[in-house]
Amino acid sequence: MQSSFASARRHQIAFAILLTVCLAQVGWWMLDQWLFSGEVRDRLEEAHRRSLDAAEVMLGQGVAADNVVAMFPALAVSEDGATIRIDPAVVEALDAERDRRRNRYAWEGGFFLIVLSAAIGVLWRAVRTEVRLRRRQRNFVTAVTHELKSPLASVRLSAETLQYREADPKTRERLIERLLKSLDRMDETVSNILDTARIDEGKLALAPEAVVLAPCIHETVDSLEAAAQGAGVTVEISANDELTVYADRRALAAVLRNLIANAIDAAAGTENATVTVAANTSGLETVVEVRDNGRGFDSADGEKLFEKFYRPGNEMRREGRGTGLGLYIARSLVLQSGGQLSAHSDGPGRGAVFRATWSRVAPGARTPEAGT
Amino acid sequence: MSSEARILIVEDEPELAAGIAENLAAEGYVPEVAPDGQAGLDAARRREHELVILDVMLPRKDGFAVCRQLRAEGNEVPVLFLTAKSDPRDRIRGFEDGADDYMSKPFHLAELLLRVAAILRRNRWYKRSTLDRPVIHFGGNEVDFRTYRGRSADGTEHELTHKEALILRLLAEREGEVVSRDEILDVVWGYEAFPSSRTIDNFILRLRRRFEQDPRAPRYFHTVHGVGYRFTSDDDDR
């Protein structure tokens with residue numbers, strides 16, 4: 001892990017060097033052409049001046065001015081007819097030719113620079129994405145290690161305590177309950193990893209149907225009640241009993257569970273920690289908002305939250321539980337049911353709201369009850 | 001087992017923290033649980049503990065940072081890292097940050113209890129020994145084991161780490177005798193010899209650099225080749 005990460009960094013550096021060399025090369029080429037065009041013009045003018053010298057010698061030898069000029073096409077008799085000079089039109093043409101060349105090189109060079117920059121920009125992005133993904137994957141491995149090993153340690157500890165100590169029935173019960181809870185956590189982590197693999201392989205088969213939302217929400221909140229109580233978080237629900245969504249039942253439950261568990265986790269530790277789950281209709285859509293008054297996030301990070309392996313904090317500091325897969329899974333599930341999932345926060349420490357929308361009915365279906 | 005030892009558990013996995021706390025209580029210790037790094041640091045500042053069992057990956061503040069900060073504040077409470085990170089680099093980092101022991105998850109209950117007992121025993125020995133003879137003098141050097149401060153002959157002040165103080169304490173207590181590397185490992189690092197004997201050599205080198213006028217020709221910290229080390233407070237046996 002470490003070494004592949006370092007090699008990605010090396011690629012980036014090599015890339016920057018390559019870019020600098022390319023740009024320098026193009027710049028040098030343009031400058032060279034620019035100077036050369038001027039030089040060619042000056043050399044041609046110099047040649048004409050030499051013909052002028054020769055013409056003047058001939059004039060001095062008594063050759064008629066018209067005859068001399070006829071021999072040197074670049075020369076002309078001055079307007080007063082007394083002297084010979086380089087034809088101003090020729091000088092003008094030289095200047096024009098030089099400027100034309102310079103112009104052309106500027107365009108060609110400029111165009112080349114743009115193409116080069118665009119190509120390099122594309123490559124750069126690819127490399128940077130790769131680096132970021134690798135860093136996140138490393139973070140993921142650490143997170144999964146923690147997510148599996150901590151409950152595993154707890155399972156082992158409970159089992160060993162049972163084996164090691166004479167426990168009265170009440171203690172036994174408590175230990176077994178703790179053991180099961182830890183197993184649930186491990187199960188959840190493993191399921192998340194497997195779900196992610198399935199999503200990535202496109203193997204997730206969803207069977208959307210019209211689902212009545214409120215019972216789903218209540219069920220999820222009930223199953224998280226213990227966790228919420230443990231964390232000192234109050235969960236409030238506001239959902240109309242008649243609301244329906246068109247979604248896969250299991251996927252819907254998974255999304256709700258994910259969002260609500262996240263919110264409880266984020267709210268834990270704040271004063272008056274509250275999570276509100278509100279469901280409403282908006283046109284043909286049902287909107288579920290899960291709001292907490294906890295940790296929040298930098299609004300610039302809103303989209304990152306849904307990226308695979310993304311976790312706030314770093315690999316050492318763990319801001320809450322999780323593998324960085326939950327929201328990725330949630331969004332994939334919502335998107336595959338034709339819905340949307342977005343996140344908003346006013347900033348760190350100022351709470352967050354996650355907003356999922358689903359179609360209320362099967363897309364294109366006309367249900368008479370849709371008006372309720 | 002000597003009881004009443006207050007032990008602070010900093011662990012964000014509530015089931016695990018509760019399990020450890022119950023087992024420690026059953027052994028007669030007095031456990032206290034903190035759910036994140038910052039809470040752990042606050043708890044350690046608020047009252048004295050005989051041991052802190054510290055997770056590494058924690059919300060708000062990671063375990064390494066907590067340990068570093070405690071040490072920076074002069075809190076020399078023994079720290080046992082209990083973490084999912086089992087990479088040798090993490091272990092080394094833990095020890096560098098001032099840990100006394102390091103266990104990876106999942107662990108065996110019996111082993112945890114043994115290690116806890118070993119750390120407490122070690123520390124109590126140190127405290128008792130310090131009470132008997134809080135300050136030692138050798139050559140022009142002076143070391144105060146209560147404050148972990150030393151002054152070398154040239155007047156330079158040194159701050160000793162817990163481990164350095166333990167080694168010096170052990171050697172001074174057995175002045176004139178050869179103390180084997182294994183014994184040092186056992187007393188200073190606990191029953192499972194994690195570090196190699198090279199680690200001890202490095203600690204001795206550090207002590208020499210601080211308190212010997214010429215570290216290459218030591219007068220107080222003698223190497224007995226193939227066995228261990230001997231400490232002498234006067235330089236008559238050069």
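Quick caveat, the model's predicted, so the values are computed rather than measured. Reminder, nothing fancy here: chain letters follow the sequence lines and each chain counts from 1.
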Find the distance between CG (Leu112(B)) and CD (Glu160(A)) and round it off to the nearest 0.5 Å. 10.0 Å
What part of Ala18(B) is in contact with chain A, defined as an atom under 4.5 angstrom from a non-hydrogen atom: side chain, backbone, both or neither? both
Please determine whether the number of non-hydrogen atoms from other residues, nucleotides or ligands lying under 6.0 Å from atom CZ of Arg174(B) exceeds 12. yes
Part of Leu175(A) within contact of chain B (heavy atom distance under 4.5 Å): side chain
Atom CD of Glu173(A): over 12 foreign heavy atoms under 6.0 Å: no
Assess whether atom CZ of Arg151(B) is packed by more than 12 heavy atoms of other residues, nucleotides or ligands within 6.0 Å. no
Test ring pair (Phe, Tyr, Trp, His ring centres under 6.0 Å) applied to His49(B) - qualifying residues, sequence neighbours left out: none
Portion of Arg156(A) that has a non-hydrogen atom of chain B nearer than 4.5 angstrom: side chain
Results of side chain to side chain donor-acceptor pair (under 3.5 Å) for Ser129(B) - residues two or more places apart only: Arg169(B), Glu173(B)
Would you check if the side chain of Glu13(B) reaches a backbone N or O of Ser150(A) as a donor-acceptor pair within less than 3.5 Å? no
More than 12 heavy atoms of other groups within 6.0 Å of Arg68(B) CZ: yes
Under 4.5 Å from any heavy atom of chain A - which part of Asp55(B): side chain
Residues Arg178(A), Glu22(B): salt bridge by 4.0 Å N-O rule: yes
Does any heavy atom of chain A fall under 4.5 Å from the side chain of Leu82(B), the backbone, both, or neither of them? neither
In terms of heavy-atom contacts, Tyr164(A) and Glu27(B) come closest through CE2-OE2, 4.4 Å
Is chain B contacted by the side chain of Ser158(A), its backbone, both, or neither, given a heavy-atom distance below 4.5 Å? neither
Quick check: closest heavy atoms across Thr161(A) and Asn23(B), and the distance to 0.1 Å? OG1-ND2, 2.9 Å
Heavy-atom count around Arg206(B) CZ within 6.0 Å, excluding the residue itself: above 12? yes
Which pair of heavy atoms, one from Leu152(A) and one from Pro106(B), lies closest together, and at what distance? CD2-CG, 3.7 Å
Would you find more than 12 non-hydrogen atoms of other residues, nucleotides or ligands less than 6.0 Å from Arg174(A) atom CZ? yes
